[in-house]
Novice: 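First, the structure itself, so that you have it in front of you.
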Amino acid sequence: MYGFEAMTFNIHGGYLEAIVRGYRAGLLTAADYNNLCQCETLDDIKMHLSATEYGPYLQNEPSPLHTTTIVEKCTLKLVDEYKHMLCQATEPLSTFLEYITYGHMIDNVVLIVTGTLHERDVQELLEKCHPLGMFDSIATLAVAQNMRELYRLVLVDTPLAPYFSECITSEDLDDMNIEIMRNTLYKAYLEDFYKFCQKLGGATAEIMSDLLAFEADRRAVNITINSIGTELTRDDRRKLYSNFGLLYPYGHEELAVCEDIDQVRGVMEKYPPYQSIFSKLSYGESQMLDKAFYEEEVKRLCLAFEQQFHYGVFFAYMRLREQEIRNLMWISECVAQNQKSRVHDSVVFIF
Amino acid sequence: MDRFIDDLPPMDLMRSEKMMFVQLIIPVESAQRAVSYLGELGLLQFRDLNSDKSPFQRTFVNQVKRCGEMSRKLRFFKEQINKAGLQSSVHPVSGPDLDLEELEIQLAEHEHELIETNSNSEKLRQTYNELLEFKMVLQKAGGFLVSSNGHAVAEETELSENVYSMNDYADTASLLEQDIRAGPSNQSGLRFISGIICKSKVLRFERMLFRATRGNMLFNQAPADEEIMDPVTAEMVEKTIFVVFFSGEQARTKILKICEAFGANCYPVSEDLTKQRQIIREVLSRLSELEATLDAGIRHRNKALTSIGFHLTKWMNMVRREKAVYDTLNMLNFDVTKKCLVGEGWCPIFAKAQIQEVLQRATFDSNSQVGTIFHVMDSMESPPTYFRTNRFTNAFQEIVDAYGVARYQEANPAVYAVITFPFLFAVMFGDWGHGICLLLGALVLIAQERKLSNQMNLGIILSYFDARFFGSSLDIRQESEVILYLGARYQFVPQLIFLNSLFGYLSLLIIIKWCTGSQADLYHILLLLLATVAVPWMLFPKPFILRKLHTERFQGRTYGILGTSEMDLEVEPDSARQHHEDFNFSEIFVHQMIHSIEFVLGAVSNTASYLRLWALSLAHSELSTVFYEKVLLLAWGYDNLVIRLVGLAVFAFATAFILLMMETLSAFLHALRLHWVEFQNKFYHGDGYKFRPFSFALINDEED
């Protein structure tokens, strides 16, 4: 198919590509962030956002505002846009769009299961779930006692079912198990998504494999750092890495045996694209790593828009908006808690 | 000759209004009133002097926020009124005039009251729904239980222990919150849970129950007779009543959890028939009581909403105006003493007296000691374009503006479009009979103009008159005389010569032929020669003169000569200066060459483009003939009433939809094209910007 997408892409995908590029034009710019960072109160933030595309979503919110309201409403906008695109999409774009939400689905499953384990109220947990990762019987997750039941009762109906094949055990759920389950599911999800994109071929495969490989590598690094000093064995750790990406397979071997952050750094610096990320950090530091990764991701996502006739733009747009919402949440929190000096710590400018 | 020109009536539409740049220095105490008076007048466009500041850093940010909050409340009222199915009165009631503070307090009171009644009625509705559901569950589930009694005689005694005691029932609310005691605590017995769930979820619910109990359960369901109103969305929801039979304590907890997860409400049902009836009676009486309370609540709320509805339009207008005033005040700057606000903006020269009068009135009304200073300044920016149109000319001005807003004081093609647009439309439409049909349609639209308030109608209407009066006379080259190209001796004059010596001459020949009936041969060799000379004339001198001026300028010579040629280059003096600084001769020469080639080729191709006048009118007349002869006459030839009727129907359809609607559209589009492309590209820059005065009337229009 490669090389001929330009001829046929617009028959089904042209309209939505235009729509998504239009949505992208509505992302907040550096100037917006500069203004937002100067806000004194949440009302100021609302006032500034009312001049952006978030306006209609916030205008009917009574003062005083809360950070959660702002985030909720901004997410609602993303969800509305997503639903609009999903309604208009034909195969295989609709499947592609659905793939984008599976990550949230995994997070929601983990959130509810962990919450029930700590005996939180289900309704309260449901409110915390990401609306993109909702599925019909999500509330029933609370019924399940172990992995097997989780799968048999609820997840068998969801698209996550195939990813579960590797983590069906009869063990009772505990925090460690759940975390392993999250990562196993995520690994299976990323590999499946990767395969799906390869099947689509063309520019979509090219761009998405780059973006997903980055995602996989980032997860590998995070898993490594988070599992240092825990009871997770090297083999178990090794099993959680996705079987593609720049680090696969030799990097994974090395990461699996790392025992502190500087060793991770040593491994990663062998890979030129990640050198720049780690060169920004001082030795022994992992605090700013997230931000550095986010910045790199945003850069790559923006590049996806440089090419036409591929589905990567949809993925990139959703991710960029999510980053924007994270930024807004951080700014709002800083403003609400009077920590304006820290406002730049975690904000990633998109344009 | 000069006196003749002076005696002509002024052509207001030809050139945009003369504008001036003014500065206002308003004392703080009268600023709000002054700006709101100016808004009523609507003839001054303020310039944003704080464009570097974000909205919340401006002076009157609190007032803007308050207005935003008030309009949010008003939107809430409006939504509530619509939800309740009431009409907010369109004609504002003349109530006592409120100031903003009073209105703010009133709105807050109303909102508070409304939210309170809403939450009360929501609570009532909740209780009412629960009782209603309980009633339905009792009625339906009772049926299941009775029928299952036959099979499960053995269980009957056990189950009947679970009869609901009337003591518990005394308080319905506590009854409903109470844990559902399904069946006795006997571990082996068959127990049941009954409840109600949304119809859409039943299937998934049953499947989940089946899975969770590994099939050890019996699910009975029956649709509810009535729909139940969802208290949050106020929509009617269809529900289904279910009874699940199961055994074991573990299954019970699981099922209850699933019920909770699916939002199914469970209600206990007594096994004993007499008790059941008693409970039903009790529930029914409570239901009717609640119904009365609910109705009273709704009546009370509707009354409150109606009284709000009387003032709603007026309040909305008021808040909108106030917000606009503060937004405008935010564009002003404080002067050094902090006692005055300084504003800058554009206004037409004719409005000077009116504005001064308004400012004086504002000073007087607000008892200010100091008057507002109003004076004219020089500006580097080019002024906005402002045409004073009426309802008739506005339609044509809009057509031109859709292509591009005229540069300040540029010749306005709308003047010609007023005549030529309907004329060209008529030439292409060119049919008496259909023209009359269109005229009738247009008259209907005119009669309803106030209702539709669509001013574009007028433009179309005019064309029918022309369809009748002008017939299909052709004059192709009328626009060449219109070209008014200022300040370009080396472009306008040769272009004029070129166009007239070829096409003007052609037109002349046509007219002579009409008048005399014979082929005239005038001095065409000379004209051809002139045209040939005109081409290099428009190509070469201009870039070379520009280069000369540029070199002179760098030797520190005059700025004076530059003034004339600057006009063609760029409007804004700023950018013109920049243009000179990086002067690139080859670029300018290529630019000029492109322009010249475009003009010469365009002259030929644009002339050919006018052939569409002929083509469209021909197509129209041919199409009419075809429909008339091949459909109507053919059908009439038969002596069969059915065929005649079918033929008539097809003919009527074709006339209405193809000959009237479609052809109107195509003639309109082609007329549009002939104006935008063939006519306006000869002279029209269209790179100005519109005059947008601060005006309440415009703000109201936008909101509506």
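Letters go in sequence order (proteins before strands), and every chain restarts at 1.
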Novice: Do B:E79 and A:N60 touch side chain to side chain, with heavy atoms closer than 4.5 Å?
Specialist: no
Novice: For A:K340, I'd like to know if atom NZ has over 12 heavy atoms of other residues, nucleotides or ligands within 6.0 Å.
Specialist: yes
Novice: Has B:H112 got more than 12 heavy atoms of other residues, nucleotides or ligands less than 6.0 Å from its NE2?
Specialist: no
Novice: When only heavy atoms count and the cut-off is under 4.5 Å, which of residues 31-45 of chain A reach chain B?
Specialist: A:N35, A:Q38, A:C39, A:T41, A:D43, A:D44
Novice: Does atom CD of B:Q250 have more than 12 heavy-atom neighbours from other groups under 6.0 Å away?
Specialist: no
Novice: Hey, which of A:H48, A:K46, A:M47, A:Q123 has the most heavy atom pairs under 4.5 Å with chain B?
Specialist: A:M47
Novice: Please flag which part of B:F262 lies under 4.5 Å from any non-hydrogen atom of chain A: side chain, backbone, both or neither.
Specialist: side chain
Novice: Taking atom NZ of B:K199 as the centre, does the number of heavy atoms from other residues, nucleotides or ligands within less than 6.0 Å exceed 12?
Specialist: no
Novice: Quick one: CD on A:E61 to CZ on B:R72, what's the gap to the nearest 0.5 Å?
Specialist: 8.0 Å
Novice: How long is the gap from CD on B:E69 to CD on A:Q59, to the nearest 0.5 Å?
Specialist: 12.0 Å
Novice: So with a 6.0 Å cut-off around CZ of B:R58, is the heavy-atom count from everything else above 12?
Specialist: yes
Novice: Does a sphere of radius 6.0 Å around CZ in A:R342 hold more than 12 heavy atoms from other residues, nucleotides or ligands, not counting ones at 6.0 Å or beyond?
Specialist: no
Novice: What pair of heavy atoms forms the shortest contact from A:R152 to B:R214, and how long is it?
Specialist: NH2-NH2, 3.5 Å
Novice: Does A:D157 pair with B:R207 as a salt bridge, N-O distance under 4.0 Å?
Specialist: yes
Novice: Could you tell me whether A:K77 atom NZ has more than 12 heavy atoms of other residues or ligands within 6.0 Å of it?
Specialist: yes
Novice: Taking CD in A:E119 as the centre, count heavy atoms belonging to other residues, nucleotides or ligands within less than 6.0 Å. Is the count above 12?
Specialist: no
